[in-house]
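All heavy atoms count here, side chains included; hydrogens, waters and symmetry mates do not. If you read the sequence from its start, that first residue is 1, and numbering goes on from there.
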Amino acid sequence: MAYHQINYFLFFLPLAALCYQLTPGRHRWKTLLVFNYIFFLFISKKLLVCLLVSTAFTHYVGLWLRYMKAEHKELLAQTAKEERREMKKQLKKKERGILLFGILVHLGMLLFFKYTGFLALNANFLLGVLGVSVKITIPAWAAPVGISFYTLQAVSYIADIYLGRLEADVNLGRVALYMSFFPTLMEGPICRYADTARRLYEGAPISWENLTRGSQRIIWGLFKKLVIADRLDILVKTVFKGYEQYDGAVVAVAALCYTVQLYAEFSGCMDIVIGSGEVFGIKLPENFRQPFFSRTASEFWTRWHITLGAWFRDYIFYPVSMSGFAKNLNREGRKRLGPVYGGIPAAACALFAVWLCNGIWHGSGWHYIFFGMYYFVLILAGNIVEPVAKSLSERWGINRDCMAYGLWQGIRTFLLVILGELFFRALSLRAGFVMAGKIFTEFSAASLTGGVLFDLGLDGRDFAAAACALLLVFVVDYMHERGIHIRDKVAGWRLPLRWCFYYGAIALVIVFGAYGAGYDPVDLIYAGF
């Protein structure tokens, strides 16, 4: 079962909402928790045990930190003033040990399920190069769906307790709800405990407004997923699997289509997820904010997969940049390179850690690591070039706020994103380089005029449907960028017109959705991460 499938939005979600509403208020959290685990059981079966173990361990480590902090507070109160500083350092070291223990156990589970095969494969390659005849058996077990997402949520919960941002919750039920809320299990967004846990536990009744607004968001997500993303999947899959048969122009079209597919798929899924949460009165964090209106690669990642970027910023970038090593590097850098570039070496260390982790988080393959390093280089280069660009613009009288300059930046960033997504989708790092090489050395626009595109699984009607749907998504995103929200406008319409709009939206999904004969079911892309 997945969020875009009929058994989810026509059966599971309505049944969960109905049972939740019929349950007495103080017991609603129990009903919600049961449906969370039923959903997980449908998609991961016996691997539900991993989620239960992770939840129990997260709760335990949180309480351990809580009691340790209380004990340390009492010890400090009894310690003489002149000895308090040294005592505080020793006690903080103990708390840090508990934090590291909790993080390492969670990351160990993630490593075991997601990366053991990748590590074994590379170890065998290295042993072969060294002439060692030993061969490691490559395991083929399945990873629990959503482990990458709920692991980050668990780590953020423990880290926030350690940092004093959050008090450990003694209620295991609240922690379990936070870790397992079914709309967020497969693809996020990555929530923080303070944002959702208590609201989930309150068991507020479902209101008509939440039900209708949540349903609107779900329909819009289904439109993007079924009409655009699933339709383009045929072309993307054909070219990326048989990339050696096509020239650079066809590869470029496939890379463009994959970028569009990934956005429509992932943002569409987030619409369904956020809409599902809205049904229960839960406000989940937004994960997209019109990313293709970005002017730089750095800005793009503040608009794309926002909750993942925020997680890496708060739990990797800041800790690394505030470490003793980074502070010393920053101090030395400012002495040697001056105030403009002096902070770049320390920032580069933190950026490297973030983008290495970002690449590894997305999957077990060298092309994912390359994808992370690609954005590390782009963002670091942008930070280095920015002072020069600003100085030259002032000298030459270029208005960097004008529409033409912004359009140039937007197109440049979009092309860089497409190239990055090519490596992200490629079957391997080698395949990515071959495909990128074809774009720059074997590009012939003439190959697109001979009907080649219609041999890739899509006909003229498919291209027309995808193009019209994409135009509609662009218009909506443009309006959102201008601060105009369609749902708020529709809510003000008269009842007959409003319901005509809703039925029309449903009809668009039913009529133009890529499903049934001729279309293969397409799994959620980010559920694989």
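- Remark: Arg303 engages Glu481 in a salt bridge, criterion side-chain N to carboxylate O under 4.0 Å.
- Seen from the ring of Tyr263, Lys224 counts as a face-on cation partner, given the 6.0 Å and 45° thresholds.
- Glu265 contributes a side-chain N or O that, together with a main-chain N or O of Ile525, makes up a donor-acceptor pair within less than 3.5 Å.
- Judged purely by distance below 3.5 Å, without hydrogens or angles, the side chains of Asp247 and Ser444 never pair a donor atom with an acceptor atom.
- Within the 3.5 Å criterion, the main-chain N or O of Ile510 finds a donor-acceptor partner in the side chain of Tyr515.
- Relative ring orientation between Trp304 and Phe288 is described as perpendicular, the plane-to-plane angle rising above 60° on a 0-90° scale split at 30° and 60°.
- A donor-acceptor pair is defined here as one N or O able to donate and one able to accept, closer than 3.5 Å; such a pair exists between the side chain of Lys438 and the backbone of Tyr246.
- The aromatic rings of Phe423 and Phe433 lie perpendicular to each other, with more than 60° between the two planes, well past the 30° mark.
- In this structure, the separation between CD on Gln290 and CG on Asp477 is 5.0 Å, given to the nearest 0.5 Å.
- A donor-acceptor contact shorter than 3.5 Å is absent between the side chain of Ser321 and the backbone of Ala347.
- Within the 3.5 Å criterion, the main-chain N or O of Ile282 finds no donor-acceptor partner in the side chain of Arg199.
- Tyr8 and Ser276 share a side-chain donor-acceptor pair at under 3.5 Å.
- Ser180 approaches Leu33 most closely through the heavy-atom pair OG-CD1, 3.6 Å.
- Between Tyr374 and Trp355, the distance separating the two ring centers is not shorter than 6.0 angstrom.
- Of the charged side-chain nitrogens involved, none lies within less than 4.0 Å of a carboxylate oxygen, so that Asp195 and Lys283 do not count as a salt-bridged pair.
- For the salt bridge (charged side-chain N to carboxylate O under 4.0 Å, His left out) test with Lys225, the passing option among Asp271, Asp233, Asp230 is Asp230; the others fail.
- Note that CG of Leu232 is 9.0 Å distant from CG of Asp462, once rounded to the nearest 0.5 Å.
- Screening Thr307, Ile190, Leu308 for a side chain to side chain contact (heavy atoms under 4.5 Å, CB included) with Asn287, the sole residue that qualifies is Thr307.
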Chi angles and distances behind the side-chain contact (heavy atoms from CB on, under 4.5 Å) call for Phe181, Val273: CA-CA 10 Å; Phe181 187 40; Val273 163; over 6 Å; no
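- Counting only distance, with no hydrogens or angles, the side chain of Tyr178 and the backbone of Arg198 share no donor-acceptor pair below 3.5 Å.
- The aromatic rings of Phe371 and Phe424 sit tilted relative to each other, their planes meeting at an angle between 30° and 60°.
- Qualifying salt bridge (Lys or Arg N to Asp or Glu O under 4.0 Å) partners for Arg425, counting only residues two or more places apart in sequence or in other chains: none.
- Below 30°, between 30° and 60°, or above 60°: for Phe300 and Phe292 the angle between ring planes is between 30° and 60°, a tilted geometry.
- Not one N or O on the side chain of Arg400 forms a donor-acceptor pair closer than 3.5 Å with the backbone of Ser393.
- The minimum heavy-atom distance between Pro144 and Tyr150, with the atom names listed, is CB-OH, 3.9 Å.
- Proximity of the aromatic rings of Phe35 and Phe182 is defined here by a centroid distance below 6.0 angstrom, and this criterion is not met.
- Shortest non-hydrogen contact noted between Ala436 and Leu419 is CB-CD1, 4.2 Å.
- Proximity of the aromatic rings of Phe9 and Tyr3 is defined here by a centroid distance below 6.0 angstrom, and this criterion is not met.
- A salt bridge between Arg295 and Glu299 is absent, with no side-chain N of the basic residue lying under 4.0 Å from a carboxylate O of the acidic one.
- Ser156 places a side-chain N or O within donor-acceptor distance of the main-chain N or O of Gln153, the cut-off being under 3.5 Å.
- No donor-acceptor pair closer than 3.5 Å links the side chain of Glu442 to the backbone N or O of Gly248.
- Ser44 places no side-chain N or O within donor-acceptor distance of the main-chain N or O of Phe40, the cut-off being under 3.5 Å.
- Relative ring orientation between His362 and His305 is described as perpendicular, the plane-to-plane angle rising above 60° on a 0-90° scale split at 30° and 60°.
- Two rings, from Phe463 and Phe454, have their centers less than 6.0 Å apart.
- Aromatic pair Trp361/Trp311: centroids not less than 6.0 angstrom apart.
- At least one side-chain heavy atom of Val417 sits under 4.5 Å from a side-chain heavy atom of Tyr375.
- Arg165 meets the side chain to side chain contact (heavy atoms under 4.5 Å, CB included) test with Asp160, Leu163, Tyr315; sequence neighbours excluded.
- Using a 4.5 Å heavy-atom threshold, the side chains of Cys269 and His4 count as separate.
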